[in-house]
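These notes concern the structure reproduced below.
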Amino acid sequence: MRKLRRAFFAALERLGHDAALARLTSVGQPVPGIEVRVVDDDGAVVAPGDTGEIHVRGAQVSGEYVGQGSGRDDEGWLHTGDRGRIDHE
């Protein structure tokens with residue numbers, strides 16, 4: 001299955017279907033009630049299309065880890081440690 005996936009994405013790249021490739025590698029829209037932002041290394045929100053660290057906030061985000069306490073900051077944002085970007089849509 002991995003070989004098929006790699007071949008599929010390689011074919012998309014060769015054909016110049018950047019928009020299709022970007023959409024296929026997307027995780028989609030946030031669920032209702034969850035805020036998502038992407039920030040740079042200084043904590044400033046980046047422009048759509050720029051890459052940074054993903055932060056999430058909402059009633060469903062606990063951010064609690066056994067023996068570690070809360071992973072949320074003072075404003076309730078969970079710093080996921082994952083990198084990503086938000087597109088213009």
Side-chain angles (χ1 to χ4, degrees):
M1 186 65 151
R2 272 192 193 154
K3 287 182 181 181
L4 179 61
R5 186 180 320 159
R6 267 188 252 139
F8 177 73
F9 286 115
L12 281 177
E13 288 182 86
R14 274 195 315 275
L15 294 171
H17 291 36
D18 293 337
L21 181 61
R23 178 68 72 198
L24 288 170
T25 58
S26 167
V27 296
Q29 305 263 336
V31 297
I34 299 296
E35 295 175 77
V36 178
R37 69 180 185 184
V38 177
V39 301
D40 63 17
D41 292 338
D42 296 322
V45 175
V46 301
D50 289 347
T51 301
E53 182 184 11
I54 300 169
H55 293 183
V56 294
R57 174 171 72 177
Q60 298 174 351
V61 179
S62 70
E64 298 285 331
Y65 297 94
V66 176
Q68 296 180 358
S70 177
R72 292 177 289 164
D73 65 18
D74 293 339
E75 295 177 349
W77 290 101
L78 176 66
H79 301 213
T80 67
D82 297 322
R83 297 194 55 82
R85 67 181 177 278
I86 296 176
D87 64 22
H88 298 283
E89 293 180 35

Next item on the list: Can you see which heavy atom on Gly84 is nearest to which on Val38, and at what distance?
Entry: O-CG1, 3.4 Å
Margin query: Nearest 0.5 Å, please: how far is NE2 in His79 from CZ in Arg37?
Written below: 6.0 Å
Checklist line | Set of residues satisfying side-chain hydrogen bond (donor to acceptor under 3.5 Å, both in side chains) with respect to Asp50, sequence neighbours excluded | finding: none
Margin query: Can you give me the closest heavy-atom contact between Ser62 and Ser70, atom names plus distance?
Written below: O-OG, 4.5 Å
Next item on the list: Could you tell me whether a side-chain N or O of Glu53 sits under 3.5 Å from a main-chain N or O of Val39, the two making a donor and an acceptor?
Entry: no
Notebook entry, point to check: For Trp77, what are the other residues in its hydrophobic cluster, where any two members join if their side-chain heavy atoms are less than 4.5 angstrom apart?
Noted result: none
Margin query: Applying the side-chain contact (heavy atoms from CB on, under 4.5 Å) criterion to Leu78, which one of Ile54, Val56, Asp73 satisfies it?
Written below: Val56
